[in-house]
Amino acid sequence: MIRTLAVFVLLTCPSHAATLAEHLAASRSVLLSWVAGEFSNERQVREGTNALADAPTIDAAAPDLLFPVFKRIDVPAIGNHVVYLQWPMGAPDGKLQRQRIWVFEENPPRNAVTMKFFTLKEPDKWLNAHLDPAKVRNMTVADVIPYPPPCDLPFRRHGDVFIGEIPKGECKIVSQQSKTTMFINARIVVGKDSVWYDESGVREDGSVAFKVPRLGAYEFEGRK
């Protein structure tokens with residue numbers, strides 16, 4: 001209640017509203033600077049593999065070895081602060097696990113920087129967009145598949161990290177591949193040299209449709 005009242009005061013007082021807008025713009029700038037880069041979870045996979053070797057009966061598996069790239073791109077038709085990402089598996093030039101478009105914007109009513117995410121209708125067409133950002137400059141909303149507004153992730157800074165999480169039970173979609181109706185859960189933690197990510201889908205009957213990684217979160221660290 002106190003937090004809601006504080007946000008209301010900020011939004012209804014012009015000087016305070018300006019202060020909130022400036023604060024969120026500064027947060028968004030830092031968040032984007034930390035997200036952009038090349039990462040991997042080599043340490044996580046190595047330590048997980050060693051743990052499995054020491055305890056082979058453990059009901060787990062080391063996560064996929066991934067080499068994510070997050071690159072800011074210019075796509076006026078979609079947003080002002082756009083990030084293209086692709087996650088190769090096994091090696092920096094390996095087969096892609098996923099491609100996405102993330103769009104960040106300040107959201108004063110939620111006192112957060114929100115992130116919208118999109119899948120691509122023709123992923124192959126935009127392969128390696130981070131190496132040639134000009135190729136996506138003419139991308140339009142017809143080229144992407146947006147997730148519904150309730151799926152937006154509100155990011156807020158907590159000490160040395162930003163945490164963004166879809167509010168539980170609000171993001172309902174129909175899978176493009178399986179045509180299954182499910183609720184999507186996702187949590188992203190962004191630090192200066194790290195991005196932790198986990199995502200899952202839960203069917204309407206409560207059963208788990210997917211979870212990546214199987215345990216915990218992908219622990220991506222910046223590659224020098």
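What you see is a predicted model, and the numbers here were worked out from it, not measured in a lab.
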Q) Taking it one step at a time, do E47 and R43 satisfy salt bridge (Lys or Arg N to Asp or Glu O under 4.0 Å)? A) CA-CA 6 Å; E47 293 178 356; R43 177 196 56 76; 3.0 Å; yes

Q. Are T180 and V174 close enough, and set up right, to give a side chain to side chain contact (heavy atoms under 4.5 Å, CB included), and what steps lead you there?
A. CA-CA 5 Å; T180 300; V174 177; over 6 Å; no

Q: Test side chain to side chain contact (heavy atoms under 4.5 Å, CB included) on M182 and I173 and set out the steps.
A: CA-CA 6 Å; M182 66 180 76; I173 69 162; 4.1 Å; yes

Q | Check against side-chain hydrogen bond (donor to acceptor under 3.5 Å, both in side chains), N41 and E221 | A | CA-CA 6 Å; N41 64 333; E221 298 174 346; over 6 Å; no

Q.
Pair Q97, L66 - check side chain to side chain contact (heavy atoms under 4.5 Å, CB included), show working.
A. CA-CA 8 Å; Q97 187 201 71; L66 299 171; 4.0 Å; yes

(Q) Would V190 and V161 count as a side chain to side chain contact (heavy atoms under 4.5 Å, CB included) here? Give the steps. (A) CA-CA 5 Å; V190 179; V161 299; over 6 Å; no

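Side-chain atoms of Q44 come within 3.5 Å of backbone N or O of E219 as a donor-acceptor pair. Between the side chain of K168 and the backbone N or O of E170 there is no donor-acceptor pair closer than 3.5 Å. Judged by distance alone, with hydrogens and angles left aside, the side-chain atoms of N107 form a donor-acceptor pair with the main-chain N or O of R110 at under 3.5 Å. Using modelled atom types, one side-chain atom of D205 and one backbone atom of S207 make a donor-acceptor pair closer than 3.5 Å. Side-chain atoms of K135 come within 3.5 Å of backbone atoms of L127 as a donor-acceptor pair (strictly under, hydrogens ignored). Using modelled atom types, no side-chain atom of E165 and backbone atom of I188 make a donor-acceptor pair closer than 3.5 Å. Between the side chain of N111 and the main chain of P108, no donor-acceptor pair closer than 3.5 Å is present.
Criterion: ILVMFWY side-chain heavy atoms under 4.5 Å apart, direct or through other members. Under it, Y147 and V113 are part of a common hydrophobic cluster. In this structure, M89 is a member of the same hydrophobic cluster as V195, with clusters built from ILVMFWY side-chain heavy atoms closer than 4.5 Å. The cluster map of Ile, Leu, Val, Met, Phe, Trp and Tyr, joined by side-chain heavy atoms under 4.5 Å apart, puts V83 and L153 in the same cluster. One hydrophobic cluster, built from ILVMFWY side chains closer than 4.5 Å, cannot hold both L85 and V75; they sit in different ones. Under the 4.5 Å side-chain contact rule for hydrophobic residues, V30 and F155 share a cluster.
Among R100, H130, Q99, the one residue that satisfies the side chain to side chain donor-acceptor pair (under 3.5 Å) test with Y84 is Q99. The side-chain contact (heavy atoms from CB on, under 4.5 Å) test with V144 singles out one residue from K121, M139, E122, and that residue is M139. The only member of W34, F70, W196 that meets ring-ring contact (aromatic ring centres under 6.0 Å, His included) when paired with F39 is F70.
Considering all non-hydrogen atoms of both residues, H158 and R156 come closest at CD2-O, 3.1 Å. In terms of heavy-atom proximity, V136 sits nearest to A129 at CG1-CB, 3.6 Å. Nearest heavy atom pair, residue P154 against residue A112, reads CB-CB, 3.8 Å.
Annotation: Y197 is not in aromatic contact with Y218 [ring centroid separation under 6.0 Å not met].
The OG atom of S175 sits 8.0 Å away from atom CD1 of I184, with the distance rounded to the nearest 0.5 Å. Atom CG of L24 is separated from atom OG of S29 by 12.5 Å, given to the nearest 0.5 angstrom. Going from atom CD of E106 over to atom CZ of R28 covers 4.5 Å, rounded to the nearest 0.5 Å. To the nearest 0.5 Å, the span separating CZ on F210 from CD on E199 amounts to 4.0 Å. With rounding to the nearest 0.5 Å, the separation of CG in L96 from CG in D124 is 8.5 Å. Rounding to the nearest 0.5 Å gives a distance of 9.0 Å between CZ of R157 and NE2 of H23.
Annotation: side chain of K192 is not in contact with side chain of S33 (no heavy-atom distance under 4.5 Å). Looking at P213 and D198, their side chains come closer than 4.5 Å, going by heavy atoms from C-beta outward. Here the side chains of P150 and D152 are not in contact, with every heavy-atom distance at 4.5 Å or above. Between W126 and Q86, every side-chain heavy-atom pair lies at or beyond the 4.5 Å cut-off. In this structure the side chain of F118 never reaches within 4.5 angstrom of the side chain of I145, judged on heavy atoms. Between V189 and R187 there is a side-chain heavy-atom pair separated by less than 4.5 Å. Inter-residue side-chain proximity for I166 and N185 is flagged as unmet; no heavy-atom pair is nearer than 4.5 Å. Residues D143 and K125 meet the side-chain proximity criterion, which asks for heavy atoms closer than 4.5 Å.
By the 30° and 60° cut-offs, the orientation of the rings of F104 relative to W102 is perpendicular.
Under 3.5 Å, the side chains of E105 and N80 contain no donor-acceptor pair of N or O atoms.
Salt-bridge annotation for E204 and K172: present, with a side-chain N of the basic residue lying under 4.0 Å from a carboxylate O of the acidic one.
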